Number of protein chains: 2
Amino acid sequence: MTTTGPRPPTPTLEQVAALAGVSRATVSRVINDSPRVSPEARDAVHAAVEALRYVPNRMARSLVTRRTDTIALVLSESNTQIFADPFFARIVRGLSARLADTEQNLVLLAARGRREQEKVARYVRQGHVDGVILISLHRDDLLPDLLARSPVPLVLSGRPFDGRPVPYVDADNVGGARAATSHLLRLGRSRIGTVSGPLDMVVGLDRLTGYRAALAAAGAPASPELVAEGDFTEAGGSRAMTRLLGDVPDLDAVFVASDPMAVGALRVLRAAGRRVPEDVAVVGFDDAEVAATCDPPLTTVAQPLDEMTGGLVDLLLEQIGSGGSAAAGSRVCGTALVRRASA
Amino acid sequence: MTTTGPRPPTPTLEQVAALAGVSRATVSRVINDSPRVSPEARDAVHAAVEALRYVPNRMARSLVTRRTDTIALVLSESNTQIFADPFFARIVRGLSARLADTEQNLVLLAARGRREQEKVARYVRQGHVDGVILISLHRDDLLPDLLARSPVPLVLSGRPFDGRPVPYVDADNVGGARAATSHLLRLGRSRIGTVSGPLDMVVGLDRLTGYRAALAAAGAPASPELVAEGDFTEAGGSRAMTRLLGDVPDLDAVFVASDPMAVGALRVLRAAGRRVPEDVAVVGFDDAEVAATCDPPLTTVAQPLDEMTGGLVDLLLEQIGSGGSAAAGSRVCGTALVRRASA
DNA sequence: ACGAGGTGTGAGAGCGTTCTCACCACGCCC
DNA sequence: GGGCGTGGTGAGAACGCTCTCACACCTCGT
């Protein structure tokens, strides 16, 4: 039965102190378990806390400690479909696991469109959080700037677009894409296309750069018709693959810049009667769950996700701990080719 | 160039007041734009705010106003894949759009596993947020109870499992499923199966109940082999459909309890050489984006998502506004069958 | 000309914590 | 037996804001 009277007044430290027969200071000491408290006092306080169902008021505490024990994961993306990307879900999971036995809480802020971005920036600047992990993908995003300007510690997930001196953590996308493409070359393939990510994203560009670098190093520079731009979704991968197959009938391999897109590409290849990997070899990127379960299982480039989320948290906590005086570095994590059946 | 010295001290109301040549109280009035301020004072304050790049400290403000202007969307789900569900993304989008021109900020809290649930509950009880919208799907979830016990206003997205008196907003899942199944009956189908949702979720049960009710009303109660349990994912839909097709070779229609699952089911049907809708008619649920673009376009049950997110926000703000004294009701929103090619 | 009513302003008391001191009682060593 | 650390405690000042008052000033109506 829920009583629907006015909300009961939440008890304060003062009241706990009165009930326990000690001073406010002592209660505070018990709450923050400082060593210098006698066992009797401690017990009395615990009993009083229990009796009153006392919960400390975070606002009051934060006001004096200047910490909120909260860090924000900000997702700046007009396109809501990023939620659907398994990669994003894995980041969230990794971060909250990493913070699980910390004092820190993790909150997600989604900002689509200018108004929401400004709202998020305001939220951050007003001191709701101790630090921000920002996922910002598109070139024209203004949130990185807004947040970098604020005094709140900031770490970027993914290399920033311009050479802005903000610490970040990223996978070696160029290296991974190069390795994937080299692998295809090593298999003896010669007509190697790519389904790239969106080219207004650093990650899209980097993976394309790696692909090109590998081809150039082999003395077989990529021609434009071998490149089809996708959007990191399965449907986009299908579209791009269709385009590619139309333009390059003798295609014998393709590097697809994300696993969801690769799944879409596989579907198109199958529908077109091409066998994978016999006729067309396929390499994906991300080592998403689906890569192991699709047909055929996908050779792909794995990112060390735990290392990356760990890096994000470390870099951020380091800044927070140092009171903003530490110039945190950045971290680029190596990738690994995972061989399965598709190439 | 970012200076990496110690963080600059953030200016306070006091300093703004000094610079503007007025009192703290007047600055406060300007900040909260109260009417009773002379234009000169207002201008002076604005200039000072600008000059010092003053940003009010929310902790201090919240301490006295006892409001945080933040509401939390709590997602209690051990399975991270819910992020991938387009339905969830649409809820987030709807809510933040609804709150866009409010003072309220929206934060997402994800709780997988007991520890994180307790962390979230603590976060809420400590007064970080003014209210909570909770998405909790599974029967054994303890977060609804934890949060209902706290004095923070709460609204559930989706009917709660037991008859707990917590306000909620839900679609009429039973009605929608009944309508979908009736539609299949009206098409003259007689061997109508269903791919249900997980049966430890209210939404899964309700849609199964609706399906059964329609068949019972037609005098053709469902037999057990006509029901295959899915998990709301595309892959799960495929699996369930495969099972169904194996057990019931003469199946001529299927009600699939979510669109992603229906997409998976369509794929299996096609692979099995059944034409849709000629051999097997298919109806989905949710009217997800993919329903319109898949092949064939999916007949499905649409939920009034804007109405639902609006209801969530309204119910919550109502409670918040009344200081917890209002016993908010609940809201069940009607669904609509959207006819496309698949049935 | 004088009080009534409104309008702009500032002083100051909180809000619920933490944290620095100062204090008191010990037991200890020389 | 008188300083001297030392462990436990409480008084009280912050923290940065809001909000209630009281006060000064300015019209008006009479």
Side-chain angles (χ1 to χ4, degrees), chain A residues 7-46 48-49 52-70 103 122 125-128 130 151 323, chain B residues 7-46 48-49 52-70 103 122 125-128 130 151 323:
Chain A
R7 214 170 294 160
T10 52
T12 75
L13 255 200
E14 193 76 50
Q15 299 171 35
V16 176
L19 183 56
V22 297
S23 76
R24 233 178 28 244
T26 298
V27 178
S28 179
R29 276 186 272 261
V30 173
I31 300 291
N32 302 295
D33 44 40
S34 114
R36 303 275 143 88
V37 181
S38 69
E40 307 84 57
R42 191 179 302 278
D43 291 350
V45 169
H46 278 143
V49 164
L52 297 176
R53 316 192 91 256
Y54 169 74
V55 178
N57 178 324
R58 282 310 289 258
M59 299 305 143
R61 180 201 292 242
S62 293
L63 182 55
V64 32
T65 60
R66 320 186 85 60
R67 288 178 304 108
T68 61
D69 291 342
T70 302
E103 288 288 274
R122 211 181 317 141
R125 265 187 322 210
Q126 286 176 334
H128 275 110
D130 290 345
Chain B
R7 212 170 295 159
T10 51
T12 75
L13 254 200
E14 193 77 49
Q15 300 171 36
V16 175
L19 183 58
V22 297
S23 75
R24 233 177 29 245
T26 299
V27 178
S28 179
R29 275 187 273 259
V30 173
I31 299 292
N32 301 295
D33 44 40
S34 113
R36 300 277 140 87
V37 181
S38 69
E40 306 84 57
R42 190 178 304 276
D43 292 349
V45 169
H46 278 142
V49 164
L52 297 176
R53 314 190 94 256
Y54 170 74
V55 179
N57 177 324
R58 281 312 288 259
M59 299 306 144
R61 183 202 289 243
S62 292
L63 182 55
V64 31
T65 59
R66 322 190 81 64
R67 288 179 303 109
T68 61
D69 291 341
T70 302
E103 288 287 276
R122 211 179 319 139
R125 265 189 321 210
Q126 286 176 333
H128 279 280
D130 291 345

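In the text below, chain A, chain B and the rest are named by the order of the sequence lines, each starting its count at 1. Since we're looking at a predicted model, the values are computed, not measured.
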Of all the choices, [options], which nucleotide is nearest to the side chain of [X] once you look at every atom?
| X | options | answer |
| --- | --- | --- |
| Thr65(B) | dT9(C), dC19(D), dT18(C) | dC19(D) |
| Arg36(A) | dG16(D), dG7(D), dA13(C) | dG7(D) |
| Ser38(A) | dT17(C), dT9(D), dG16(D) | dT9(D) |
| Thr26(A) | dT17(C), dA11(D), dT9(D) | dT9(D) |
| Val37(B) | dT9(C), dA11(C), dA11(D) | dT9(C) |
| Asn57(A) | dG16(C), dT9(C), dT9(D) | dG16(C) |

Would you mind telling me which of Thr68(B), Thr65(B), Asp69(B) makes a side-chain hydrogen bond (donor to acceptor under 3.5 Å, both in side chains) with Arg58(B)?
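Result: among Thr68(B), Thr65(B), Asp69(B), Asp69(B) is the only option passing the side-chain hydrogen bond (donor to acceptor under 3.5 Å, both in side chains) with Arg58(B).
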To the nearest Å, give me how far apart [atom1] ([X]) and [atom2] ([N]) are.
| X | N | atom1 | atom2 | result |
| --- | --- | --- | --- | --- |
| Arg67(A) | dG16(D) | CZ | C1' | 18 Å |
| Asn32(A) | dG8(D) | CG | P | 17 Å |
| Arg29(A) | dG12(D) | CZ | C1' | 13 Å |
| Ile31(B) | dT18(D) | CD1 | C1' | 12 Å |
| Asp69(B) | dC17(D) | CG | C1' | 14 Å |
| Glu40(B) | dG8(C) | CD | P | 10 Å |
| Met59(B) | dG16(D) | CE | C1' | 12 Å |
| Glu14(A) | dA13(D) | CD | C1' | 14 Å |

At less than 3.5 Å, do the side-chain atoms of Arg66(B) and the base atoms of dG16(C) form a donor-acceptor pair?
no
Spell out yes or no: do the side chain of Arg58(A) and the base of dG16(C) have one donor N/O and one acceptor N/O closer than 3.5 Å?
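No, the side chain and the base share no sub-3.5 Å donor-acceptor pair.
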Double-helix bend of the helix from dA1(C)-dT30(D) to dC30(C)-dG1(D), axes at both ends from 5 pairs, round to 10°, gives 60°
The answer to which of Arg42(B) and Arg24(A) contacts DNA chain C further toward the 5' end, by nearest nucleotide, is Arg42(B)
DNA chain C: 5'-proximal contact among Val64(B) and Ser23(B) (nearest heavy atom)
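The answer here is Ser23(B).
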Any side-chain N or O of Ser28(B) less than 4.0 Å from the OP1 or OP2 oxygen of dC17(D)?
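Ser28(B) to dC17(D) OP1/OP2: no side-chain N or O under 4.0 Å.
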To the nearest 0.5 Å, what is the distance between CD1 (Ile31(B)) and OG1 (Thr26(B))?
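Here the rounded value is 11.5 Å.
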To the closest 0.5 Å, what do you measure between CZ (Arg66(B)) and OG1 (Thr10(A))?
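Answer rounded to 0.5 Å: 6.0 Å.
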Measure from the side-chain N and O atoms of Asn32(B) to the backbone N and O of Ser34(B), and report whether any donor-acceptor pair falls under 3.5 Å.
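Checking the backbone N and O of Ser34(B) against the side chain of Asn32(B), no donor-acceptor pair under 3.5 Å is found.
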Distance-only, no hydrogens or angles: does the Ser62(B) side chain make a donor-acceptor pair with backbone N or O of Arg67(B) under 3.5 Å?
yes
Please report the shortest heavy-atom distance between Gln126(B) and Val55(A), naming the atom on each side.
CG-CG1, 3.8 Å
For residues Val30(A) and Arg42(A), report the shortest heavy-atom separation together with the two atoms involved.
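Smallest interatomic distance, heavy atoms only, reads CG2-CA, 4.1 Å.
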Hey, are the side chains of Leu63(B) and Asn57(A) touching, using non-hydrogen atoms and a 4.5 Å cut-off?
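Yes, at least one pair of side-chain atoms sits under 4.5 Å.
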Toward the 5' end of DNA chain D, by each residue's nearest nucleotide, Leu63(B) or Ala25(B)
Leu63(B)
